[in-house]
Amino acid sequence: MIEKLFPAKKQPEETLKRSIIKTISYRFVIIILDFTSIYLFTGQVKVALGFMLVSNIYTSVAYFFHERIWGKIKWGKTNIASSHP
């Protein structure tokens, strides 16, 4: 019923470049949060740096693939009208 009120419009797909940039910017924020929280808990710079490096390698890869997979799922997406005829 709600689809009748808001007709579907074409939405552009996310590009590989956009996914990579989103991954990098997200990881930058998480790196800072990881280091800060581990340092506050342990008081040790080496432990915080080690955890930060290891955890951010595998979670960056996981985030990238997670975003790419969700980019292909049509459920819950809305369409944006194209301004070009």
Side-chain angles (χ1 to χ4, degrees):
M1 168 132 180
I2 195 150
E3 289 83 10
K4 291 179 182 179
L5 296 173
F6 302 102
K9 299 171 189 159
K10 184 167 174 56
Q11 179 174 345
E13 298 232 358
E14 185 160 305
T15 64
L16 177 63
K17 184 177 181 179
R18 179 178 164 89
S19 290
I20 291 170
I21 298 299
K22 282 175 60 178
T23 300
I24 291 168
S25 67
Y26 176 77
R27 291 320 311 169
F28 180 75
V29 171
I30 296 304
I31 284 170
I32 293 168
L33 292 173
D34 280 353
F35 177 83
T36 303
S37 62
I38 297 302
Y39 179 74
L40 289 174
F41 282 117
T42 66
Q44 298 179 24
V45 172
K46 287 184 181 181
V47 172
L49 284 172
F51 176 83
M52 178 189 71
L53 290 173
V54 171
S55 71
N56 281 286
I57 290 170
Y58 69 82
T59 54
S60 293
V61 172
Y63 175 82
F64 173 80
F65 285 110
H66 180 266
E67 282 291 306
R68 296 301 289 175
I69 291 167
W70 269 99
K72 301 215 179 286
I73 297 171
K74 293 183 184 348
W75 177 81
K77 285 187 174 181
T78 58
N79 293 320
I80 300 170
S82 176
S83 60
H84 303 295

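All of these numbers come straight from a predicted model, not from anything done at the bench. One-based numbering along the sequence shown.
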Legend entry - Nearest-0.5 Å distance, OG of residue Ser55 to CD1 of residue Ile31: 8.0 Å

Inset, instruction - Assess whether side chain to side chain contact (heavy atoms under 4.5 Å, CB included) is satisfied between Asn56 and Tyr63, documenting all intermediate values. - result: CA-CA 10 Å; Asn56 281 286; Tyr63 175 82; over 6 Å; no

Legend entry - Atom of Thr59, atom of Arg27 and distance for their closest heavy-atom approach: OG1-NH2, 2.8 Å

Inset, instruction - State whether the number of non-hydrogen atoms from other residues, nucleotides or ligands found under 6.0 Å of Arg18 atom CZ is greater than 12. - result: no

Legend entry - In one Ile/Leu/Val/Met/Phe/Trp/Tyr side-chain cluster, 4.5 Å: Tyr39, Ile32: no

Legend entry - Heavy-atom pair with the smallest gap, counting every atom of Phe35 and Val45: CE1-O, 4.0 Å

Inset, instruction - Enter the distance from Met52:CE to Ile57:CD1 here, rounded to the nearest 0.5 Å. - result: 10.0 Å

Legend entry - Linked, directly or transitively: Val61 and Leu16 (ILVMFWY side chains, under 4.5 Å): yes

Legend entry - Distance, nearest 0.5 Å, that separates OG1 of Thr15 from NZ of Lys22: 10.0 Å

Inset, instruction - Heavy atoms only: give me the nearest Ile38-Phe51 pair and the separation to one decimal. - result: CG1-CD2, 3.4 Å

Inset, instruction - Give a yes or no on this: more than 12 heavy atoms of other residues, nucleotides or ligands lie within 6.0 Å of atom OH of Tyr26. - result: no

Legend entry - CD1-OG distance between Ile30 and Ser25, expressed to the nearest 0.5 angstrom: 10.5 Å

Inset, instruction - Kindly work out whether a path of hydrophobic side-chain contacts (I/L/V/M/F/W/Y, heavy atoms less than 4.5 Å apart) joins Val47 to Val54. - result: no

Inset, instruction - Give, for atom CD of Glu67 and atom OG of Ser19, the distance between the pair rounded to the nearest 0.5 Å. - result: 6.5 Å

